[in-house]
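I have placed the structure first, in the form of structure tokens, so that the comments after it can refer back to it.
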Amino acid sequence: MRAYFADAPDDISLNDIDVDKIPSHVSFIMDGNGRWAQQRGLDRTLGHKAGVDSLRECVTTSVRLGVDVLSAYAFSTENWRRPQHEVNMLMHLFATTLMKELPLFHQEKVRLKFLGDLDALPTETRDVFEFGLSQTKDYDRMTFALAVNYGSRAEIARAARLIAEDVAAGKLRPEDVDVDAVSNRLYTAGLPDPDLLVRTSGELRLSNYLLWQLAYTEFYVTDLFWPDFDRWEYLRAIHAFQGRGRRFGGVENK
Ligand code: IPE
Ligand code: IPE
Ligand code: MG
């Protein structure tokens, strides 16, 4: 781990981090690929390609730090509004990248998970996703949850529909519908809520991401575009997180 974090910049290093207080679940809104490319006079799609390198570094860094769950927002239910060629390129990129990166998941014993409605994805993408799921299902060093065709409102509406179906079938009583009944029917069922949410490119909004799960999550927003996000910015985010007093509505428990 020391070698991985050697050559630190002046302002942050592994020494600034309490390795016994690493957040259990870190989540990323990977934003700014398009602007990163435009700044360089490149096509937006090249920003997405560059973003893959940041995500790979993020997976490796998470494993090194001992994060239990890493989640990342890759494609929202609203992103279908983008130009067709960009959508097609992203769907193809998801499939090819996953195939290429599977050895990393095997090497690091990372279990893959997807958040979102995969039925609406092109067959190529869905098939590769299902292959990745089956190949990594027994790993337990870290869970990597990728949100694809994910929208929090659709997710909550789906949970409500599943509850209604169970009630109609007599499997659930209305008086037993509680917070856990909803949580257990979200795509994130079984995962802890994020402790830390990082959004790149400076935007101060959730863009329909994990509205339910982020109820008590600490936020860290960086102006860096996603392709510029690296292990050092990750450490800065964790350092900021470790300086926060989380109260969960109660009194601070230091
Ligand atoms: C985030 O980068 C990646 C996806 C939404 C797929 P953007 O493509 O949103 O980049 P900007 O925000 O336009 O710069
Ligand atoms: C959020 O980014 C979705 C992902 C990062 C996948 P967007 O770029 O789609 O969000 P808005 O449109 O700026 O809110
Ligand atoms: Mg964006």
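Predicted model, so just to flag it, every value in this text is computed and none were measured. Just follow the structure's listing: the first ligand is 1, and inside any ligand the first atom is 1. Counting begins at 1 with the first residue of the sequence.
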Practice task
Give the atoms of ligand 2, by number and element, whose distance to some non-hydrogen atom of Ile29 is under 4.0 Å.
Solution key: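 Near Ile29, meaning under 4.0 Å from one of its heavy atoms, ligand 2 has 5 (C).
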Exercise for the section: Nearest 0.5 Å please: distance from the CZ atom of Phe225 over to the OG atom of Ser54. Expected result: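 Rounded to the nearest 0.5 Å, the CZ-OG separation comes to 12.5 Å.
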Problem - Proximity winner for atom 13 (O) of ligand 1, if only heavy atoms of Arg44, Glu203, Met30 are counted - result: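 Among Arg44, Glu203, Met30, the closest heavy atom to atom 13 (O) of ligand 1 belongs to Arg44.
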Fill in the blank from the handout: Restricting to heavy atoms, the pick from Glu78, Arg82, Arg81 nearest atom 7 (P) of ligand 2 would be Arg82
Exercise for the section: Could you tell me whether the side chain of Glu86 reaches within less than 4.5 Å of the side chain of His48, counting heavy atoms only? Expected result: yes
Practice task
Just let me know how Gln38 lines up against ligand 1, side chain, backbone, both or neither, with a heavy-atom cut-off below 4.0 Å.
Solution key: neither
Completion exercise
So for Ala74 against ligand 1, with non-hydrogen atoms under 4.0 Å, the contacting part is backbone
Which protein heavy atom lies closest to [atom], and at what distance to 0.1 Å?
| atom | value |
| --- | --- |
| atom 2 (O) of ligand 1 | Asn33 N, 3.2 Å |
| atom 9 (O) of ligand 2 | Asn79 ND2, 2.9 Å |
| atom 10 (O) of ligand 2 | Ser207 OG, 3.3 Å |

Practice task
Return the minimal non-hydrogen interatomic distance between Trp212 and Ser152, and the atom names on each side.
Solution key: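 For Trp212 and Ser152, the tightest heavy-atom pair comes out as N-OG, 4.1 Å.
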Exercise for the section: Return the minimal non-hydrogen interatomic distance between Glu233 and Thr222, and the atom names on each side. Expected result: OE2-OG1, 3.0 Å
Completion exercise
Among N, O or S atoms, Asp31 approaches the Mg ion (ligand 3) most closely through OD1
Exercise for the section: With heavy atoms under 4.0 Å as the rule, classify the contact between Phe75 and ligand 2 as side chain, backbone, both or neither. Expected result: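 For Phe75, the contact with ligand 2 is made by the backbone alone.
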Fill in the blank from the handout: Short version for Arg199: what comes under 4.0 Å of ligand 2, heavy atoms counted, is side chain
Problem - Gly34-ligand 1 polar pair, N/O distance under 3.5 Å - result: yes
Should the pair [X]-[Y] be classified as a salt bridge under the 4.0 Å nitrogen-to-oxygen rule?
| X | Y | answer |
| --- | --- | --- |
| Arg158 | Glu155 | no |
| Arg35 | Glu203 | yes |
| Arg64 | Glu57 | no |

Exercise for the section: Using atom types as modelled and distance alone, determine if a side-chain donor or acceptor of Asn88 lies under 3.5 Å from a backbone N or O of His85. Expected result: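 Side chain of Asn88 to backbone of His85: no pair is present.
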Problem - Non-hydrogen atom of Arg205 closer than 4.0 Å to ligand 2 - result: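 Under 4.0 Å: yes for Arg205.
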Problem - Close approach of Ser201 to ligand 1, heavy atoms, under 4.0 angstrom - result: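 No; Ser201 lies far enough from ligand 1 that no heavy-atom distance drops under 4.0 Å.
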Problem - Atom indices of ligand 1, in the order listed, that fall short of 4.0 Å to a heavy atom of Arg35 - result: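 Reading through ligand 1 atom by atom, the close ones are 11 (P), 12 (O), 14 (O).
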Problem - Validation row, ring centre Tyr139 to ring centre Phe105 under 6.0 Å - result: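 When the ring centroids of Tyr139 and Phe105 are compared, they turn out to be at least 6.0 Å apart.
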Problem - Phe229: which of Trp36, Tyr220, Phe28 passes ring pair (Phe, Tyr, Trp, His ring centres under 6.0 Å) - result: Phe28
